[in-house]
Amino acid sequence: MRMYDLIEKKRDGGRLTKDEIDFIINGYVDGIIPDYQISAWLMAVFFVGMDDEEILNLTQAMAHSGDMVDLSPIEGIKVDKHSTGGVGDKTTLIVAPIVAANGVKVAKMSGRGLGHTGGTVDKLESIPGYRTDLSEKEFFDVVRSTGLSVIGQSGNLTPADKKLYALRDVTATVNSIPLIASSIMSKKIAAGSDAILLDVKVGSGAFMRSVDDAVKLAQVMCRLGEMAGRNTRALITDMDKPLGWAIGNSLEVTEAVNTLSGKGPKDLTHECIMLASQMMVLAGLGSEQECEEKAKRVIEDGSALNKLMLMVKAQGGDESVIADPSNFGSAKIVREVRAPGDGYIASMDSEGIGVASQILGAGRETLEDTIDYLAGIILNKKTGDKVSKGDIIARLYTNDESKIEASLKRFLSSIVIGDNEPESKPLIFARVSADEVIMY
Ligand code: URA
């Protein structure tokens, strides 16, 4: 087999066989096929697409390119969750404890943030002492003793995705449904859970900019999950504005603790209850309505917050910041952002707001950058809110004074103030499984 012929075949609209896809992925991981040929092939896939069987074969080849985690030594149904990435998305920190407090095990590997989106691993590492690099034995022990564990991805999970994603990032081939679906689902399949809930974001801070595209991506991923023997569902959720009020690592952990204490922002609380209840439905705990009630109950009785506390303690973290998040301390510099005029917040560019937070030190531009865990943004107003000139619309937090002006500029250019109240949009657009789409 020659890589040249496979590039040509895909470029001309052909279907690749399982053997051909295995040849490409194994050859790339082994360093036999060079980046420039894979780049050309990625671009051909970007334009021509792939059918379901090709995407499944690509996903399986990527999943098997490294370790496949076997969670079967842990008793019970293990349910995973994946978000396609957003701004202010701290749902894992809330949803995993809710689900675990209802007896469903969560053994989850999460990622770091890059660019405008945050990563759960960085948020957890803002808790002093919290270890995300547990060995497999430690990981399993924490899940067994507390019901949940969230760690970073092990070094050899889906090496094919690591190489391909880095190349896609610099060759303008990220935004392709077959490539996104195989990238996400290869990691989820390799991570070993029995069931998977996908949170597919749509809007200005997401890969998918229309609900139609988000539904298409979700359907492909659900079919991949089912074909791999994993019970899979997706919710399509809004990312046209940040989720909750807080953006930035310790600021988001604080908001997660408040939400688990029943004092969280309305949008975040609602979305977390919906995500958690879908995970419980996947685990066979009852109907959607019953599971929603179960999710609300463990917030009210404090058992979900207790689960977060147990996991943090078991992974070496300082529980005092969960008991009282003011123990995180505060960034040295806090700058108020004031409304430049009267009217309504007509729209927010979530990506731009994520970048403003990244500039303050909350995120990385390259994987080598270090993070200021106290940096970020607390919003005071969001899309649809009425503002008068001079009202505080947000506060920027950083320990580096030199970053304030660039961040402020980016933040203000991400907000549009208009005369008319914008139409309100749903927070959750649809629920998707392999064979149905239910619009909310
Ligand atoms: N997240 C991933 O893990 N992969 C993609 O391709 C896009 C989002």
Side-chain angles (χ1 to χ4, degrees), residues 21 24-25 28-29 38-39 41-43 45-47 49-50 54-56 58-63 65-66 69 80-87 89 91-92 108-122 150-193 196-210 213-222 224-225 228 230 232 234-237 239 243 350-351 354 363-364 367 432:
I21 289 173
I24 294 170
I25 297 302
Y28 187 43
V29 173
I38 297 292
S39 303
W41 174 73
L42 287 169
M43 195 55 89
V45 171
F46 185 93
F47 282 112
M50 282 182 150
E54 286 178 291
I55 305 175
L56 178 66
L58 176 59
T59 305
Q60 291 287 8
M62 287 164 71
S65 67
V69 181
D80 201 348
K81 158 192 173 286
H82 182 84
S83 157
T84 56
V87 178
D89 181 359
T91 54
T92 292
K108 182 160 169 47
M109 292 187 184
S110 287
R112 293 188 185 280
L114 191 61
H116 73 280
T117 62
T120 303
V121 163
D122 298 322
V150 183
I151 61 169
Q153 252 171 44
S154 84
N156 198 34
L157 198 84
T158 56
D161 180 59
K162 284 195 189 96
K163 280 189 88 170
L164 282 173
Y165 196 85
L167 197 58
R168 286 167 57 208
D169 209 23
V170 293
T171 55
T173 51
V174 168
N175 241 341
S176 143
I177 288 182
L179 297 176
I180 294 176
S182 56
S183 163
I184 291 174
M185 292 309 289
S186 63
K187 287 182 286 231
K188 294 290 108 183
I189 291 166
S193 284
I196 302 161
L197 178 71
L198 301 162
D199 178 5
V200 179
K201 303 275 182 207
V202 60
S204 60
F207 287 113
M208 297 292 120
R209 298 283 161 122
S210 76
D213 282 346
V215 167
K216 263 187 227 150
L217 173 65
Q219 280 184 300
V220 172
M221 291 197 289
C222 288
L224 289 173
R230 316 297 166 91
T232 308
L235 289 184
I236 311 296
T237 67
M239 196 27 76
L243 189 56
S350 302
E351 179 173 348
R364 319 180 169 77
L367 274 174
V432 176

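Because the structure is a prediction, the values reported are computed rather than measured. When a ligand or atom number is given, it counts from 1 through the structure's own listing order.
Taking the side chain as every heavy atom from C-beta outward, M109 and V69 approach each other to under 4.5 Å. The side-chain heavy atoms of I21 and Q60, taken from C-beta on, include no pair separated by under 4.5 Å.
Protein heavy atom closest to atom 8 (C) of ligand 1, with residue, atom name and distance, is F207 CE1, 3.3 Å. Of all protein heavy atoms, the one closest to atom 1 (N) of ligand 1 is I184 CG1, 3.8 Å.
Contact atoms of ligand 1 toward K187: 2 (C), 3 (O), 4 (N) (distance under 4.0 Å to a heavy atom of the residue). Listed by number with element, the atoms of ligand 1 under 4.0 Å from a non-hydrogen atom of S183 are 2 (C), 3 (O), 4 (N), 5 (C), 6 (O). Close contacts between ligand 1 and Y165 involve ligand atoms 4 (N), 5 (C), 6 (O), 7 (C) [criterion: under 4.0 Å to a heavy atom].
Distance alone, capped at 3.5 Å, places no donor-acceptor pair between the R168 side chain and the L42 backbone.
The existence of a salt bridge linking R364 and D122 is confirmed by a sub-4.0 Å separation between a basic side-chain nitrogen and an acidic carboxylate oxygen.
Every heavy atom of V174 sits 4.0 Å or more from the atoms of ligand 1.
Residues D89 and S83 have side chains that bring a donor and an acceptor to within less than 3.5 angstrom of each other.
Under the side-chain contact (heavy atoms from CB on, under 4.5 Å) rule, K81 has a single partner from T92, I196, L235, which is T92.
Selection from K188, R168, K201, M208 by nearest heavy atom to atom 6 (O) of ligand 1 gives R168.
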